[in-house]
Every structure is written in C-alpha cells, then in structure tokens.
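The structure under discussion appears below in the form of structure tokens.
Values below: all heavy atoms of this structure, side chains included; hydrogens, waters and symmetry mates excluded.
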Amino acid sequence: DEIYLVDLLKVIIVNKKVILGIWFIILMLGLSFGFYMKKNKSFEANRKFRIREVAYVVDSKETNLNIDPASLYDDQNFLDKLLGIDLLKNKATNMKGLSESGKREFVKSIFNVSKSNNDYVIKISGKDIYEVRELEKLYFKNLQEYLKGNYSNILNKDLELQKKNSSTFKNELLKLEKRINDLAKLSKGSYTAEDLKELYPTIFAEKEAISSVYTENYKAQKVIKNSVAKLDELIVYQSTLNKVEDKMSIRLIFIISNVLGIFLGVFIVFVKEF
C-alpha cells in the first residue's frame, strides 16, 4: 500500500489536540522534574590533600605510619565520628533506621574520598557553598583527631617500651660500675683504671656495649617524642576548595521535553489511527 504524506498530515491535523495535550503533559512533567532536581541537587566541591607520613627508626628498624583515608569507610570508629556531626544528622531522614551499609553509603554520598597517585581528592556535597565549607572543616577536624589518636597510641606504646628498656640498661650499668668500683677498692690503689681494664676486659667490654645501647635508646626516645610533636599537622592541603559545576540544565530539559512530547504525541496518534 502506498503512503501519502497528505494523508499523514491530515491525521496530525485532525488529532492536533491530542498531540498538543500529550506534548503539554510531557513538557510539564519534564520541567517539574528539572526544577525538582535543581532544587534538591547537592552543591559539590572538591579538594586535593595529602597525609603526612610519620616515619622513625628505632633499634635499626624503620617504622612508617600511614593510614589511607579512602579506606576509612570500613572503620566503624571513624564512621561513628562522622555520623556524630550535627549537619549529617540533619541531612539523614532517619539515621536510626539505616543499616550499617546504609550509613556507610550515606557518609560516602557526603564525603567521597578517592586516591590519586600520592594525593587524595575529597568531593563534598551540600545544599550550598556555605554548608560545603562547614562540612569540609568538620571532616578534616575529625580526620586529624582520628589520625592523631591512632598514631599517638602506636608511638606512645613504642615510647613506653623504650623507657622500660632504658630503665633495664641503666640498672645493668649501675651494677657494672659498682663491680668496677669494688675491684678498684680491692686493689687499694695499686692499679689504675687502665690496669683494671686489662685485668678484667670482659666487665669493661660489657659496660661499653650496654652504654652504647643505652645511648641509642635515649636517641630513639627523642625521635619518637619528635614524631609525637608533629602529629598536630598530619594533613597537607594540596589545593583550595574547588566547585564542581552542576550539570543539571533546565534549558536542556526544556528542549528534550519538547522533542519527546511532540514525537510521543504523533507516535500515539499514528498507532491509534493505523
């Protein structure tokens, strides 16, 4: 069968009210959706940062402390710190009703951290730039406190161990010095310190060895204390807070709604007709 364009045009003209009605409905639905999404769309901004590595050497053993912020979503302690922020409580419709995985995903939707080479990028979502800035400040405050707390526990345990060893070495040195003094008294001044060293080489060698270890232990304590002092500045900012442009365009939705509405109206009319 031949199809005549005039006949098709007549179908469109006869059913123009149906086509216009469908077009109008689609247009209204599209614009309503667009304005709703525009109103509820989160403002987003990101910042690049780096975590300062804490490294120290004790007993010829190098220790590196480094926590990956991108993996902290699985740490319940850190998750609870973030969920305790009042701004997040206000943003969650029903915090108590959320499962553990739901809470994790909720925090990720507000603070999305990803790794880029040696740096990290955090994308923060909020209703406007002011809320985003406040959320950013609270995130880094909690991150700093969390890192400092974890690193402090490790460093303080090492420091206590070094102090305990130091006390042991000091007692050993005191015992050896007492033995050397007793030997000097027994000689009644007949032997000099060099003579005693030749007569009792084992005792003096042991004293020198322990003295050397005691000195290294003192240095190790100083290194650990210096590392503890640096824990207040663990976060290094690599960039300023950068806005992520909102790609939701009302103009684009208007054009798509017009095209879709007319196309759908004509399609329904032809299907009904034929």
Side-chain angles (χ1 to χ4, degrees), residues 1-48 70 73 82-83 85-116 120-139 239-274:
D1 295 335
E2 295 181 355
I3 297 175
Y4 296 98
L5 293 177
V6 174
D7 293 336
L8 295 179
L9 189 60
K10 285 180 180 179
V11 172
I12 293 174
I13 293 172
V14 170
N15 295 279
K16 62 182 178 182
K17 290 183 179 179
V18 176
I19 295 172
L20 289 173
I22 294 171
W23 163 79
F24 183 75
I25 292 171
I26 295 297
L27 180 62
M28 290 300 101
L29 287 174
L31 290 176
S32 299
F33 172 77
F35 282 113
Y36 173 80
M37 291 300 293
K38 192 77 174 176
K39 182 179 177 182
N40 293 277
K41 177 68 176 177
S42 291
F43 183 93
E44 292 180 345
N46 59 32
R47 165 169 274 196
K48 187 183 289 186
Y73 297 110
L82 293 181
L83 290 171
I85 296 175
D86 289 337
L87 269 175
L88 260 67
K89 290 179 182 177
N90 296 335
K91 291 174 80 67
T93 53
N94 186 11
M95 184 71 76
K96 292 182 180 179
L98 289 174
S99 63
E100 293 304 316
S101 60
K103 290 178 180 178
R104 191 178 298 111
E105 291 305 315
F106 169 69
V107 170
K108 275 187 178 181
S109 70
I110 307 297
F111 306 111
N112 193 337
V113 181
S114 58
K115 191 168 185 180
S116 175
Y120 296 94
V121 177
I122 179 169
K123 185 184 289 184
I124 305 169
S125 300
K127 63 182 181 182
D128 51 43
I129 186 63
Y130 304 105
E131 184 177 78
V132 166
R133 283 174 178 163
E134 185 64 21
L135 286 169
E136 181 208 24
K137 184 173 71 175
L138 292 169
Y139 174 83
S239 69
T240 56
L241 193 66
N242 300 308
K243 177 184 174 183
V244 178
E245 290 188 8
D246 186 359
K247 294 182 180 179
M248 179 61 69
S249 171
I250 298 298
R251 182 182 296 178
L252 181 62
I253 290 176
F254 177 77
I255 295 171
I256 293 174
S257 298
N258 274 297
V259 174
L260 182 62
I262 294 171
F263 174 80
L264 190 61
V266 172
F267 177 77
I268 291 173
V269 166
F270 281 154
V271 169
K272 181 183 176 183
E273 185 71 19
F274 294 103

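Within the 3.5 Å criterion, the main-chain N or O of Lys48 finds a donor-acceptor partner in the side chain of Ser239.
Environment of CZ in Phe24: sparse, with no more than 12 heavy atoms of neighbouring residues, nucleotides or ligands closer than 6.0 Å.
Under the 4.5 Å side-chain criterion, counting only non-hydrogen atoms from C-beta, Leu138 is in contact with Glu134. The side-chain heavy atoms of Tyr139 and Val113, taken from C-beta on, include a pair separated by under 4.5 Å. Residues Arg47 and Thr240 are in side-chain contact: their nearest non-hydrogen atoms beyond the backbone lie under 4.5 Å apart.
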Q: Take Leu260 and Trp23 through the side-chain contact (heavy atoms from CB on, under 4.5 Å) test and state the conclusion after the steps.
A: CA-CA 8 Å; Leu260 182 62; Trp23 163 79; over 6 Å; no
Q: Let me see the working for Asn46 and Ile122 under side-chain contact (heavy atoms from CB on, under 4.5 Å), right down to the final yes or no.
A: CA-CA 5 Å; Asn46 59 32; Ile122 179 169; over 6 Å; no
Q: Take Phe33 and Leu29, measure what side-chain contact (heavy atoms from CB on, under 4.5 Å) needs, and give me the verdict at the end.
A: CA-CA 6 Å; Phe33 172 77; Leu29 287 174; over 6 Å; no
Q.
If you apply the rule side-chain contact (heavy atoms from CB on, under 4.5 Å), what do you find for Lys103 with Leu83, and how did you get there?
A. CA-CA 8 Å; Lys103 290 178 180 178; Leu83 290 171; 3.7 Å; yes
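One finds the CG atom of Leu27 at 13.5 Å from the CD1 atom of Ile22 (value rounded to the nearest 0.5 Å). Atom-to-atom distance recorded for Ile110:CD1 and Ile124:CD1 is 10.0 Å, nearest 0.5 angstrom. The line from CG of Asn258 to CD1 of Ile253 is 12.0 Å long, rounded to the nearest 0.5 Å. The structure places CD of Glu136 at 8.5 Å from CD1 of Ile129, a figure rounded to the nearest 0.5 Å. Between the CD1 atom in Ile262 and the OG atom in Ser257 there is a gap of 11.0 Å [rounded to 0.5 Å]. Asn15 CG to Leu20 CG: the interatomic distance, rounded to the nearest 0.5 Å, is 11.0 Å.
Screening Asn242, Val132, Asn112 for a side chain to side chain contact (heavy atoms under 4.5 Å, CB included) with Lys123, the sole residue that qualifies is Asn112.
Cation-pi contact between Lys108 and Tyr73: present, with separation from the ring centre below 6.0 Å and deviation from the ring axis of at most 45°.
Shown here for Leu135 and Ser125, the closest heavy-atom pair between the two residues is CD1-O, 3.4 Å.
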